[in-house]
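What you are looking at is a predicted structure, and each value in this text was computed from that prediction instead of being measured. Chain identifiers are assigned alphabetically (A, B, ...) following the order of the sequence lines, protein sequences preceding nucleic acid strands; residue numbering begins at 1 within each chain.
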Protein chains: 4
Amino acid sequence: MCDLKICAARPFFFYCVISSLLPLHRQKKNPFTINTANKCTTHLEADMAEIKSWVFWRAVGAEFVGMLLFIFIGLSSIIGRSEKDQVPQELKVSLAFALAIATLAQSLGHVSGAHLNPAVSLGLLVCCQISALKCVFYILAQMLGAVAASAIVNGLRKSESLGVNQLSPGVTLEKGFIIEFLTTLQLVLCVIAVTDKRRRDVTGSAPLAIGLSVGLGHFAAISFTGCGINPARSFGPALIRNDMKNHWLYWLAPMCGGIAAALLYDFLLYPRINNLRRRK
Amino acid sequence: MCDLKICAARPFFFYCVISSLLPLHRQKKNPFTINTANKCTTHLEADMAEIKSWVFWRAVGAEFVGMLLFIFIGLSSIIGRSEKDQVPQELKVSLAFALAIATLAQSLGHVSGAHLNPAVSLGLLVCCQISALKCVFYILAQMLGAVAASAIVNGLRKSESLGVNQLSPGVTLEKGFIIEFLTTLQLVLCVIAVTDKRRRDVTGSAPLAIGLSVGLGHFAAISFTGCGINPARSFGPALIRNDMKNHWLYWLAPMCGGIAAALLYDFLLYPRINNLRRRK
Amino acid sequence: MCDLKICAARPFFFYCVISSLLPLHRQKKNPFTINTANKCTTHLEADMAEIKSWVFWRAVGAEFVGMLLFIFIGLSSIIGRSEKDQVPQELKVSLAFALAIATLAQSLGHVSGAHLNPAVSLGLLVCCQISALKCVFYILAQMLGAVAASAIVNGLRKSESLGVNQLSPGVTLEKGFIIEFLTTLQLVLCVIAVTDKRRRDVTGSAPLAIGLSVGLGHFAAISFTGCGINPARSFGPALIRNDMKNHWLYWLAPMCGGIAAALLYDFLLYPRINNLRRRK
Amino acid sequence: MCDLKICAARPFFFYCVISSLLPLHRQKKNPFTINTANKCTTHLEADMAEIKSWVFWRAVGAEFVGMLLFIFIGLSSIIGRSEKDQVPQELKVSLAFALAIATLAQSLGHVSGAHLNPAVSLGLLVCCQISALKCVFYILAQMLGAVAASAIVNGLRKSESLGVNQLSPGVTLEKGFIIEFLTTLQLVLCVIAVTDKRRRDVTGSAPLAIGLSVGLGHFAAISFTGCGINPARSFGPALIRNDMKNHWLYWLAPMCGGIAAALLYDFLLYPRINNLRRRK
C-alpha cells in the first residue's frame, strides 16, 4: 500500500529517527553514506532524488486532495444535524470517518499510501518505511488539506461546533491523553500490520481494515474527547474557528500513540530480525 | 469490473471527449480511422459492431434491471418510516443505498460493469474506458429503470416525499453544488481507482468498496441536499412526482464531479503515461 | 461455495425443473438415462448414490444447525427490546440478519453451501446447481431448524410478536407480494452471481456479499412486510405462535422471486451458452 | 491465522483433551511419546521447547496487548453515554466490539492468532490446533489484559456499570446459559471454520468475518445477558468492581459453547478423516 523507501539496515534505524528530528538543512549536509545492496547512496542524495521526482509531488498532492475530501466529508456529517450529544449521531460520525478512510485509502493508496493522518506518517517514519522528508511534506499537505476543507464546510453552515475537538465535561487532560494515546495506538498498529510486506496472510481489503480501525477509535473516544486520533483533523477546524483550547493535546497524544505503536510492533511483537533472534 | 473498450491512444482522448458531446448521427458519419496495434478500425465501425452484439444489449438490460432494483430498494427504505429528519433514518437510508450498490455491483458487475449512475458512466467515458455510444445507452437505461422503480414505489405508499431530492432549508444553490460536486467526486474517484486495471493492489471486494463510497456520500450530503450524487436516482422520483424544482442541480453537480474525478485521477494523480514521464 | 451437481446439458434443464415438481416416488421410477461425458448415469441412480453418502447427510445436518443458529439469533435480536416500530430497531434487526447470514455462510458454506433459505435452494435448483432431492431435503432441514429455534426463543421471553412476519397497516397483499418478490429476487440474484463458477472476478468474501444482500432486503422490506424473503424464517415463528394469517404470501412471493432471479440470470443476463450465441 | 501445533493423530485427541484438564506438573512428567512423520517427540519436550522460544512469549505478549486494547475500547464505548437500555446504544456497543476484534485480529493475528477470548482458545485446544500449555498461558494473558484495561477505564469515569455483564430482569440462569452457549457456539464455529487450513474457499478477510461474528453475538445477546461470549471480557470489569454475581455463568456457558463448536465442526460437520469415511 505504501510507496516505501525501506531503510538499509537496522543499525541505521536510530540514525533515521534522530535525523528526522533534526532540522532539514542539517540533514542535507550529512555526508553519511550507505553502501548496501539496495543501492541507496546517501540520505542527502536519496532525498534530493526523491524530491525532484514527479512521483513524490504526485503523492504529496494526493495527500492534500485526500485530506480535503476526508475532512470535508467528516465535518459535513458532523454538522448535518444538531443532535450533538446522542448515540445515533455518534454512530453516524464514526461510520462516516471510517468509510471516508476506507474509501480514500482505496482510491489513493497506490499513489501516496493514503496516510491522511500525521500520526500514521510519523509511525511509518519510525518504522523506516518512509523518509523523513516525505513525512514532513505529507504532514504539511495533510494540514493544508484539513484547513481548506474546514474553510469550505465553515462556509456551508454557521454551525456551533464545526467539529472542533474538545474534551467533554469531566474529562481531564490526563484522561484525554490516555484515550487519544490508546485509540491512536490501535490505529497505527493496524496500519503498520496490514501494510507489513513480510506478511502473506492479509487476504481482505487493507483499506477497509484501516477504515474500520478509524471507526473503532471513534466508538471508543467520541464521547470523551470528540475523537481526534488525527492531529491534522483536529487542526483544521481549530484554526478556522480560532479555538485552540487544549489543542496541543490533540497533537501530543496521537503522535506518542503513533510512535508507541511503531516501536511495539517493530521491536517487540514482530521484530524485523526475528529470523535470527528466535530459537525455534 | 468493466466491459472495457479502451481508447487506442492518448491523443485520441480529446477526440473521444468531443465526439461524446456531439449528436449521435454526427458520430456515425465520422470517417476518422484509428490504425493501431489493438486493431480498432473506426469509431463508427466499432460502435456498429458493438451495438449489434448480444453482449451490448445484455449490458444495457443489466443496467436497467440493476437500476430498477437499486431505486426500488432505496426509495422503499426512505418511505418505510416517516421519521424523516432524524439521524437514525439517515443511517438507515445511507446504509441501504450503500449495500444496494455493493450488492448489485457484485451481482451485475460482470455483465455491464454495474455503473448504475450516469455520473459514473460519464466519468468512465472521460477515462476512455467505455465508448460514447455505450455511455448514452447506459444513461438512458438507468433513467428508465429509475422511473420504473419510482412508479412502483409510488404505488406502494402515498408518502409525502417519495425521496425526491431537495435542498434543505438554508442550503443555497452554491452550497448544494459544492456538496454534490465533492461527494460525487469521491465516488467516481473510488470507482475509477478500484477498477483501474493497472493496479495489482486491490485485494478486497471492489463492489463493496464502491458501495461504501456511496454510503459515505450519503453520510456527508443527506442532511444538506438529500444526497443525489446520482442524476438518475434524482430523476426517477422527480419525474413521477412532477417536482422538478432545482432538478438541474442534481444533474450538473454530479456530472461535473464525475468529469473532475476522471481528469484528476487520469491526468494528475495516476497518469497513464507516467512510465515515460517520471524520472525515478 | 456450493456442493454442486451440475446438470448434464441444457436440454435436460426442463426435465430437471419438471422432475423437481413431481412427487419423489415418481422420480425414483424415472428410467431416463443421461449418457454424457461427465458420467452421470440416471437421475435415479445419481440421487440414490447421493442420498447414501455421508457428505449428503452432513450437508443436510449443516443446514439444520445453521438455520437453528440463524433463526435463534435473528429472533433474539428482534425481541430483545420492545421498541418495535422505530428506525433504530429496524437497523439492529437488519444488521443482525445480515451478519448472521454472512457468518454462517462463512462457517458452513463448504459443508452444505449454506443456503439457509428455501428460496435460495429453489433458485439454485432452477439453475441446475443442486439436485431436486437435495433441494427437498434442504428445505425440510431448514424448516425444522427454524421451528426448533423459534421454540427455543419462545421459551426465552413471552414477547408479543416473536418476530412473526405480518403485513404492516396499509400494505395490501399485492403490495406485499411486490416487495417480497423484488427483495428476494435481488438476494437470490446475488447468491447465484457470487457463486457462479464461470466468474473469475469475485475477489472479496462471497458470504459477506450475500449477508449484506440479506441486510439490504431488510432495509427495504422491514417497514412493510416485516421482511420475510425467507419462507423458513417466516414459517418457524408462525407455526410456534399458530399465527398463519397471510402465511402463504411469505412462501409464494420469495419462491417466485427465487425462480425469477434464476431465470433472469441464467437465461437473460449471463446465459450459459453465451460463448456460442454472441457475435463478438 | 494461527501459530498451530497440530496434534499428531486422531487417537491422541482424547489424550490431548484429558491432559489439558490435568494439572500442569502432571503433564510434564508424562512419558508418553509420539513418533510420527511430523517429528513430534513428547508432549513434554515439545511444550518445553515451545515455552523457551521467543515466539511463544511474543504471542503471549500479543494476547495481553490485544486484550488490553480490546477491553479498553469496548468498555469506553459502553460508558461513553449513559443511555444504557436503548437500541442505539446496543448498536454502538455491538459494532465497537465487532470492529475491535476485526481490527486486532488483523493487527495481531500473525503474532499470536489473536484469540482474545478464552472460549476461542479452549475451542482451538479441543481442535488440537494449539497446545494445552499455550491455551493456559493465553487465557492467563487475556485475563490479565482485561483486568488492566478495566482498571484504566474505571479511572476514566466513575460510571455506574463499567460494562459488568449481568442478566437482564426476567432472564433466568437457564435462559442466560442457553443464550451465552449458542452465541459463543456460532462465534467459535466461525473462528474454527475460517482458520481451517484444509479449506481453499475462504477468500475474504478472516479477521473481519470473526469480528462480524462477535458483533452478531452482541446483537442477539446484549438485551438478555449484556453479551459475555468471552469469559475474560466478563472477568475484567467484574473483578475491578468486585461484582461477581452469577459470574460463573459467564465462564461456564461460553466455555461449553466453545467446546461444543469444536466437537460439532471437527467430528460431525467437517471431520478430519472424512476422506476415508465417506463413500462418495
Sub-4.5 Å side-chain heavy-atom contact between [X] and [Y]:
| X | Y | answer |
| --- | --- | --- |
| D/L95 | A/F219 | yes |
| A/F224 | D/R157 | yes |
| D/I73 | A/Q186 | yes |

Region of [X] in contact with chain D, defined by heavy-atom distances below 4.5 Å:
| X | answer |
| --- | --- |
| A/L264 | side chain |
| A/L216 | both |
| A/L208 | side chain |

Residue part contacting chain A, namely of [X], when any heavy atom lies under 4.5 Å:
| X | answer |
| --- | --- |
| D/L75 | neither |
| D/V93 | neither |
| D/L69 | side chain |

On a heavy-atom basis, the closest approach of D/Q106 and A/A209 is NE2-CB, 3.9 Å
In Å, rounded to the nearest 0.5 Å, how long is the span from [atom1] of [X] to [atom2] of [Y]?
| X | Y | atom1 | atom2 | value |
| --- | --- | --- | --- | --- |
| D/L99 | A/H218 | CG | NE2 | 12.5 Å |
| D/S112 | A/L269 | OG | CG | 8.5 Å |
| D/I78 | A/S223 | CD1 | OG | 12.0 Å |
| D/S107 | A/L185 | OG | CG | 9.5 Å |
| A/Q86 | D/Q89 | CD | CD | 12.5 Å |

Spell out, as yes or no, whether a donor-acceptor pair under 3.5 Å connects the side chain of D/R58 to the backbone of A/L268. yes
Look at the side chain of D/S205 and the backbone N and O of A/T203, then say whether any donor-acceptor pair between them is shorter than 3.5 Å. no
Looking at D/A98, D/G61, D/G155, D/A100, which has the largest count of heavy-atom pairs under 4.5 Å with chain A? D/A100
Between D/G74, D/S77, D/G66, the one whose heavy-atom pairs under 4.5 Å with chain A are most numerous: D/S77
Before you tell me yes or no, could you show the steps for A/I210 and D/T103 under side chain to side chain contact (heavy atoms under 4.5 Å, CB included), namely the whole-Å CA-CA distance, both residues' side-chain angles and the distance that decides it to 0.1 Å? CA-CA 8 Å; A/I210 295 168; D/T103 298; over 6 Å; no
Verdict with supporting geometry, A/I179 and D/F72, side chain to side chain contact (heavy atoms under 4.5 Å, CB included): CA-CA 9 Å; A/I179 291 168; D/F72 172 78; 4.0 Å; yes
